[in-house]
Every structure is written in C-alpha cells, then in structure tokens.
There are 2 protein chains.
Amino acid sequence: MVSEEIALRVTEAATSLGYRPNPIAYGLRTNRSFTVGVLVPDLTNPVFPPIMRGIEITLEAAGYTAILANSDNDAARERTILDAMRGRRVDGLIVATAHRDDPLVAECLAEETPLVLINRKMEQGNVPSVVNDDAAGIAAALDHLAALGHTRIAHIAGPLTLSTAHARYHGLIAAMKARGIAVDETLFVCCEIFNVDEGRRCCALLLDRGRPFTAIVAAHDLLAVGCYETLTARGLSCPRDVSITGYNDIPLVDRLNPPLTTLRTPLHEMGVEAARCLLERIADAHAPAREIVVATELVVRGSTAAPRAALP
Amino acid sequence: MVSEEIALRVTEAATSLGYRPNPIAYGLRTNRSFTVGVLVPDLTNPVFPPIMRGIEITLEAAGYTAILANSDNDAARERTILDAMRGRRVDGLIVATAHRDDPLVAECLAEETPLVLINRKMEQGNVPSVVNDDAAGIAAALDHLAALGHTRIAHIAGPLTLSTAHARYHGLIAAMKARGIAVDETLFVCCEIFNVDEGRRCCALLLDRGRPFTAIVAAHDLLAVGCYETLTARGLSCPRDVSITGYNDIPLVDRLNPPLTTLRTPLHEMGVEAARCLLERIADAHAPAREIVVATELVVRGSTAAPRAALP
DNA sequence: ATGAAAGCGCTAACAC
DNA sequence: GTGTTAGCGCTTTCAT
C-alpha cells in the first residue's frame, strides 16, 4: 500500500534510531510475559545445569526466556519464589522441587498457571511431568549386583516425599522380591538431601547397624561419593569390601577412585522435553497432561565387583 | 486519613481477590524491569553454578530476578542473547563471557546499560568487574612446585583473549622469572576452551613436543582432568612422573585419583560481589567503576610431589 | 481494507 | 496534602 522504497527507508530509520519493540508494553497489553519460571532446589547439584540448558535452548527457540531460582529445599523459600514468579506474570513454570504431595504446586495449578514437573512427579492431580524410569533404572542396578553374586544389599534412599526417591525405594524392593533376594529393611536408610554429607552420614548409619551387607545402592551419585568417604574413613575398600552404585552419572564420577557404576539419565533431553511440554500447555491450557518417561542406561565401572565376604 | 478498619478490610479484600501488583505495568511506566541478564559461556562448567547462586541470592534481596543464558563461547549467539536481553529491557547485565577486547560489551556500554563483568575483565573502557587474583594464584602454584624442586614447568593456558587466561599466562612467566626459573615457551600451550577434551589434547601436544618437563600448571581444573587422562593413556603417572595443578577447586576434584592440587576461588562470593556492584551501578549509573579482586587459596593435594626425573 | 482510538495496570505529574 | 489525570508502548477493537 506504500511504496517499497518508503517501507525500506522507514525500517532503516527505525533500526538506525535503535528502535526495539518493547516486550514490556506488549506483555501489558496481551497479558503474556514470554517468560518462564524455573525452580530448582540447588543449581550446584550437577544434575540441574544440563537440565537447565535443555530448557533454555528450547525456550529460546520459541522466544521465551527463563528466570531461575533455587529453593534450597526450603518450603518457605519455595513459596516466596513461586509467589514472586507468579507476580511477575510468568507464562508458565518448570518445577524441579515438587514433592509427591505438594500444596504449593497444587496452588499454582488451581490458579491455572501452566506447569510442568521435571525429575519429579505428583501422586495426584494429573500434573504433566518429565521423569526418568526410576524403577527400571534401579532394577538394572540390582540386576547387575545380583549377577555379581550380591544378596545382602543396602539402599540409601532420598527423602520419600520425593517421587524419585520413592520410586527408587519401592522399585528396588520390588526388583529384589522379583529376583528372590531377601529384603531386609534394616539395610534401607533415607537421607534428607541428595548430597555428599548425607551419603557419608547414611553409610555410617548402615555400618553402625551391624547387619552384614556387601553392596550399597545409592539413590544419587553424591550419596555414593559420601559412601566412598565413610568406607575409606573406616578402613574399608570399594569394591573389595562393599560395591556401590550411584544414580545420574554426574560429571567426574567416572574418574573417582574407583570410577562409579551408575545410571546415566539424559538430563539435557529431559530439560528439552519439559520445556516442550510446557510450551504445549501454554499454547493450549487444556492439552492432555503428558507424563514423559525417559530411559536410563546402566554404566558399569569399577565400584562394583563380586562380593568377597559379608560386612561388617 | 481513612479509618484503620476500612484500610484493613480493603487490603484483606484485595488479597482475597488474589490481587498482585503487576510488575509489567509498573515496568512500562517506570522503564524498569527489575530484571538482570546473566550471560555465561556454559552453565555445565562447574564454576558457574556457585557464581549464579551468589548472584541470585543478592539480586533477590533487592527485588530483582535474573534471566540466564549460555553463549557456548559463540560470538554470534552472544550477540543474539545480548540483543534479546536489552530488548527485554533488563536493568543491567552480568557478563561472564567477555573477552579482553570485546566489541559486544563495548556496545552495551555505549548504550549505557549498567554492566559488570564476572571472572573476566577488559583492557579498556574502565568496566566494573569481579575477578580473582590470577597472578597471585598462579604464583602460589608455582611457588609450591618450585619448593618441591620442579624447574621444568609446562603450562596449559586458556585462550589468551580471556583476561583470566592472559593473567595466568603472564603471571606464571613473571613468577618464574622472579624465581630464576627458566621460561621455555615451547612448554606453554593455549587451549581453545576450558574443558576436559582440550586438556587431554594440550597435554598430548606437550608430550609430543619432546621437551622434558616434570610439572604442568593447568589454567583450569577441567584441563587438569584432561591431563590425567592423557598421562594415563600414555602409561605415565601423576604425580610420580608429572605433577599437576589446576585452578578453581571445582567439586569432586578433591576425590580424583590423585586428588588435585588447585587454587580455590570464592565463586559464590564473587557472584555476590558482582550482583552488589551491578545494583550500585543501576542505582547510580555514574558510580565509579570498581574492580573487585578476591583472593584465592592454594589447596595442596596428591597431584603434586617432588620430581623424580625429567620427561618425556 | 485502512486508520483512529481505547485501554492493558500502573506511576508521576499535576491541579486542587 | 489529596484526588485526578495523562500516558508509558503496545495490541485490538471499532469506525470509517
């Protein structure tokens, strides 16, 4: 409707004057911020950076940006953050802090904020989520240990309010029963947080209980690292005295002494899927709530071997 | 001016109706977004999560939130991201990707976007920055090696366009000269990126050059890990054949085989300082550009020992 | 089809 | 001091 040349000159002038469309004004009018909130317990847990990268790359392609916050496993902080994010009118939320029964998440859902859980799922409420196949993963670890000849197997679980911890705990018990391995619940202990200190503490607890075992299935690589330390401190050796498996295959566990047998989870891919899933729900709030389950892969390294004798 | 009771009832009604002040509208009016852009090369590099946490906790206390993006060391991506962030009207920028001479940063500065560099500084332009004391850190590593009796010392540097790499490279040379240690520049090699693969490659390169050395000063822990691998692959042992030092003390390097001697940098604290510095500049764009230098601490572990014989 | 005008939720400037 | 109004930059609706 206007001459080609004029149109060009206008565009040119606009850019040369440094014009940029203002997303704030756009957002005010359309009620959309093109912003997504990502809530993790603690970014220094090495499982989260790859997830975050997967999320970011996917959101970016769709014109969205992510705002990130750490809850430090503190419900009060989580509430503050979630409030702040909703206050900032995020278009959606990706939550890695959810408990199996999480009132904060339920609240977001009630407010119709599009939301996807990552590495967690909820019992109720049909909440979309992206998780790895915990039961299959832990069963693979058990298979491996059983094949090596282990029968007295201990487990350091995460907090059972977390779906991953819960699924691994019960998955392990189910797998043991399926293979006819005696389940001795005095060899099962739950940590408070997935970190090295807790691994150290829980391993000591297991040893102090005085029930013999030859292997520990840890629900997280960092817990396994804590076990290494306690064993060393007590003059025990892995894998000679105790075999250990971890979970997640975080960086550098392949270079520990011994290298850790663990389950590799496709963290980046999980981030990508979570972001995709969220974008779907932002586009259509009533899209069916998908639960995406990704496969894990057992990586056998030096921390597992045939049992020598039962401990302690 | 209005009765206490009415005021209370109004506030009550507001919250019960789910009223939240809309920061988008606020931002449109005031031209402030209370948002800060954080640009890192790669969040899966373990130095960045603690920095990010320090930034976040500080910004949060001031009512700001961070949006995070990874450039993957790609100038084109960096430009896109920076444009997007400025387009989103971030109130300021924290940049961990800057080169010593960085036109993109210069451009942001020219547009008067408040900006702080972290773990990087620029040669020109009086840009506020938070860095560790690279020269002192690398000198501490050298002192330690020299005290053990090393005189043939190799260096795997980072890309010299980065201020950290540059400062460590020249700091090492200066320290060697100061201690009367011969500087053989054929024992100095620069990597492209701070990661394990590059460490592996550069260590192989050093060995292939055929000049004898008994120690490697690596400019980053991940490079040191790469050295471990190449040495192992060639049937050499650390520290028996070659001592190695890293930089940053990232998680798990204390549990490698052998545990890595390295320089601990207070990453969280650096993040806090960077955010504080940025908030200052947001409050007053003409505040003096501070350059904050934090101290590092040498952590001696098993990867360094007295030299046995010169290599190869 | 094209263009004018209203309004998103808030603040700052302005009258009173 | 207190209440009113204009307007931030955009989209969308409504006249034309």
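All values below come from the heavy atoms of this structure, side chains included, with hydrogens, waters and symmetry mates left out. Numbers restart at 1 for each chain; the letters A, B, ... are given by sequence-line order, proteins then strands.
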S.K.: Distance check needed: D:dC8 P versus A:Arg20 CZ, whole Å only.
M.R.: 20 Å
S.K.: Measure CG/B:Leu28 against C1'/D:dC10 and give the value in whole Å, please.
M.R.: 8 Å
S.K.: I'd like to know if A:Glu111 and B:Arg20 make a salt bridge, using a cut-off of under 4.0 Å between side-chain N and carboxylate O.
M.R.: yes
S.K.: Please determine whether a side-chain nitrogen or oxygen atom of A:Tyr19 lies at a distance below 4.0 Å from atom OP1 or OP2 of D:dC10.
M.R.: yes
S.K.: With sequence neighbours left out, which residue pairs that include part of residues 98-108 of chain A fulfil the salt bridge (charged side-chain N to carboxylate O under 4.0 Å, His left out) condition?
M.R.: A:Arg79-A:Glu107, A:Arg86-A:Glu107, A:Arg100-A:Glu123
S.K.: Between C1' on C:dT11 and CD1 on A:Ile24, what's the gap in Å once rounded to a whole number?
M.R.: 15 Å
S.K.: Mind listing the N/O atom pairs, protein and nucleotides 13-15 of chain C, below 3.5 Å?
M.R.:
none

S.K.: Once ring-ring contact (aromatic ring centres under 6.0 Å, His included) is applied, do any residues pair with A:His166, and if so which ones, sequence neighbours excluded?
M.R.: A:His170
S.K.: Do A:Arg88 and B:Thr35 get their side chains close enough for a donor-acceptor pair, meaning under 3.5 Å?
M.R.: yes
S.K.: Which angle, to the nearest 10 degrees, lies between the helix axes at the two ends of the helix from C:dA1-D:dT16 to C:dC16-D:dG1, each defined by five pairs?
M.R.: 60°
S.K.: Using a heavy-atom cut-off of 4.0 Å across all strands, would you classify A:Pro21 as base, sugar-phosphate, or nothing?
M.R.: sugar-phosphate
S.K.: If you measure from the Lys or Arg side-chain nitrogens to the Asp or Glu carboxylate oxygens, is any gap between B:Arg276 and B:Glu269 under 4.0 Å?
M.R.: no
S.K.: Among A:Leu39, A:Asp72, A:Leu82, whose side-chain contact (heavy atoms from CB on, under 4.5 Å) with A:Arg77 holds?
M.R.: A:Asp72
S.K.: Does a donor on one side chain and an acceptor on the other come within less than 3.5 Å for A:Asn248 and A:Thr265?
M.R.: yes
S.K.: Quick one: closest heavy-atom pair of A:Leu278 and A:Gly92, and the distance?
M.R.: CD2-C, 4.0 Å
S.K.: Expressed as a whole number of angstroms, how long is the span from A:Asn22:CG to C:dG9:C1'?
M.R.: 14 Å
S.K.: For DNA chain D, find the residues of residues 30-37 of chain A with a heavy-atom distance under 4.0 Å and give them by number; none if there aren't any.
M.R.: A:Thr30
S.K.: Of the non-hydrogen atoms in B:Asp42 and B:Phe48, which two are nearest, and what is the gap between them?
M.R.: O-CD1, 3.3 Å
S.K.: Ignoring hydrogens, what is the shortest heavy-atom contact between A:Val294 and A:Pro266? Give both atom names and the distance.
M.R.: CG2-CG, 3.7 Å
S.K.: Going by the salt bridge (charged side-chain N to carboxylate O under 4.0 Å, His left out) test, which pairs reach into residues 23-34 of chain B, not counting sequence neighbours?
M.R.: none
